[in-house]
Amino acid sequence: MIDNLIHAALLMTTPVLLAALGGLINRTGGIVNIGLDSSMLVGALVGIILAANHGSWAIALVGAGLSGAVMGLAMSLVITRLDANEIIVGLGFNIVAAGLVRFFLKSNYEVAGTLRLPDVTRLPRWDIPVIEDIPILGAIFSGHDILTWAAWILVPVTVWFLKRTRGGLRLRAAGAGPKAARALGLDPLFTRDASTVFAGLMSGLAGAYLSIGVVGVFNEGITAGRGFIALAAFYFGRNRPVLTAVGALLFGFFDAFQIRLQGRGVPAELVQMLPYAMVIVILTLIAISAKRARGART
């Protein structure tokens, strides 16, 4: 049972981790992206349609990523070029995306809520010989797909990018001091746009993971607020990729655990709120700890 729980937890961590890393880069660049959920939702829809029509999960991922990137670019331009409030814009994009998706489903497929398409090509999962038969290690390293591997590989890559590359330095400069960055000849608005496009790309892939990697169908509520959980994850990690991954993993564990509880007869209405309740508890404890630390310093 523990192997199944670990494996399921890693699967449920993947979409949150992908979106959280994108949001972390975006926040480092100076924009708090509340609209991650909108890119996830659009990516999930585009992904499953392409996977069904073209029979290729690779084409589905490319399309989902691009659709999320376009959403990110549109949102960023409204914020950086029109000086709109990033929180209001992010929430607005979430609402608009949900409405457009609902309209698209009714007008093109004559369905409401759930879209089931034939011949959906799912993300393949790869078993590693020998390791797959080892308890716990097999659950951790075997039976995963390309996006799960990519999400975890991106954690150290993001650390390296932020600390060791010129692009990471420019990103941090754009977020911390846009006026100083402009005085040095940098373009902070372009950097912020690029970071928001990246966040949209990652969220689009996260949405495609949900539709063609986990369930094989599309539902209007398929993201289940995971964009906001991703937001909580990089706040939990305080813009540190490793701690952000830990926050995403905690949610993945509780998400997998609540699914197991439903199978044991526990009322679904109660257990479905477990991962979200734990996120609130953890963030509250972090806030209390930070407040006490500030009080001790003063």
Practice prompt. Show your reasoning for whether side chain to side chain contact (heavy atoms under 4.5 Å, CB included) applies to Ile134 and Phe141.
Written response: CA-CA 10 Å; Ile134 302 176; Phe141 293 104; over 6 Å; no
Practice prompt. Might you work through the side chain to side chain contact (heavy atoms under 4.5 Å, CB included) test for Leu231 and Tyr235, ending with a clear yes or no?
Written response: CA-CA 6 Å; Leu231 182 74; Tyr235 266 99; 3.9 Å; yes
Fill in: Intermediate values then yes/no, side chain to side chain contact (heavy atoms under 4.5 Å, CB included), Val42 and Leu100
CA-CA 9 Å; Val42 172; Leu100 288 177; over 6 Å; no
Fill in: Worked check of side chain to side chain contact (heavy atoms under 4.5 Å, CB included) between Val155 and Val242
CA-CA 6 Å; Val155 174; Val242 174; 4.1 Å; yes
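Leu18 and Met71 end up in different hydrophobic clusters when Ile, Leu, Val, Met, Phe, Trp and Tyr side chains are linked at under 4.5 Å. Under the 4.5 Å side-chain heavy-atom criterion for Ile, Leu, Val, Met, Phe, Trp and Tyr, Leu210 and Met202 are members of the same hydrophobic cluster. When the side chains of ILVMFWY residues are joined at heavy-atom separations under 4.5 Å, either directly or via intervening members, Ile95 and Ile222 end up in two distinct hydrophobic clusters. One hydrophobic cluster, built from ILVMFWY side chains closer than 4.5 Å, cannot hold both Leu21 and Leu243; they sit in different ones.
No side-chain heavy atom of Leu171 sits under 4.5 Å from any side-chain heavy atom of Phe198. Ile34 is not listed as a side-chain neighbour of Phe93, based on a closest heavy-atom distance of 4.5 Å or more. Looking only at side-chain heavy atoms (C-beta outward), Thr244 and Asn239 stay at 4.5 Å or farther from each other. Residues Thr28 and Leu24 meet the side-chain proximity criterion, which asks for heavy atoms closer than 4.5 Å. Thr196 has its side chain out of reach of Leu73: every pair of non-hydrogen atoms, C-beta onward, lies at least 4.5 Å apart.
Few gaps surround CH2 on Trp126; more than 12 heavy atoms of other groups in view lie less than 6.0 Å from it. Counting heavy-atom neighbours within 6.0 Å of Arg240 CZ, excluding the residue itself, gives a total of 12 or less. Shown here is Arg238, whose CZ atom has no more than 12 heavy atoms of other residues, nucleotides or ligands within 6.0 Å.
With sequence neighbours left out, Phe251 forms a ring-ring contact (aromatic ring centres under 6.0 Å, His included) with Tyr276. Taking the side chain to side chain donor-acceptor pair (under 3.5 Å) definition, one finds that Asn33 meets it with Asn26, sequence neighbours left out. Remark: Asp255 pairs with Arg226 by the salt bridge (charged side-chain N to carboxylate O under 4.0 Å, His left out) rule, at least two apart or across chains. Legend: residues meeting side chain to side chain donor-acceptor pair (under 3.5 Å) with Arg170, ordered by chain and number and at least two apart, are absent. Applying the salt bridge (charged side-chain N to carboxylate O under 4.0 Å, His left out) criterion to Arg81, with sequence neighbours excluded, gives Asp193. For the salt bridge (charged side-chain N to carboxylate O under 4.0 Å, His left out) test, no residue two or more places apart in sequence or in another chain qualifies with Arg122. Here Glu132 pairs with nothing under the salt bridge (charged side-chain N to carboxylate O under 4.0 Å, His left out) rule; sequence neighbours left out.
Within the structure, the side chain to side chain donor-acceptor pair (under 3.5 Å) test picks out the following pairs touching residues 7-23 (sequence neighbours left out): Thr14-Thr148. Pairs passing the side chain to side chain donor-acceptor pair (under 3.5 Å) check and including a residue from residues 37-49, sequence neighbours excluded, read Asp37-Thr223. The side chain to side chain donor-acceptor pair (under 3.5 Å) analysis of residues 107-116, with sequence neighbours excluded, yields the pairs Thr114-Asn219.
Rounded to the nearest 0.5 angstrom, Leu61 CG and Leu201 CG are separated by 10.5 Å. Within the model, atoms CG of Leu250 and CD1 of Ile229 stand 11.5 Å from one another, a figure rounded to the nearest 0.5 Å.
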Could you go through residues 51-58 and list every donor-acceptor pair under 3.5 Å that involves a side-chain atom there, pairing it with any protein atom two or more places apart or in another chain?
residue	atom	partner	partner atom	Å
Asn53	ND2	Ile49	O	3.4
Ser56	OG	Ala58	N	3.4
Ser56	OG	Ile59	N	3.2

Compile the donor-acceptor pairs under 3.5 Å between side chains in residues 161-169 and protein atoms, sequence neighbours left out, one pair per line.
residue	atom	partner	partner atom	Å
Thr165	OG1	Phe161	O	2.5
Thr165	OG1	Gly168	N	3.0

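Remark: the backbone N or O of Ile136 is paired with a side-chain donor or acceptor of Asp3 at under 3.5 angstrom.
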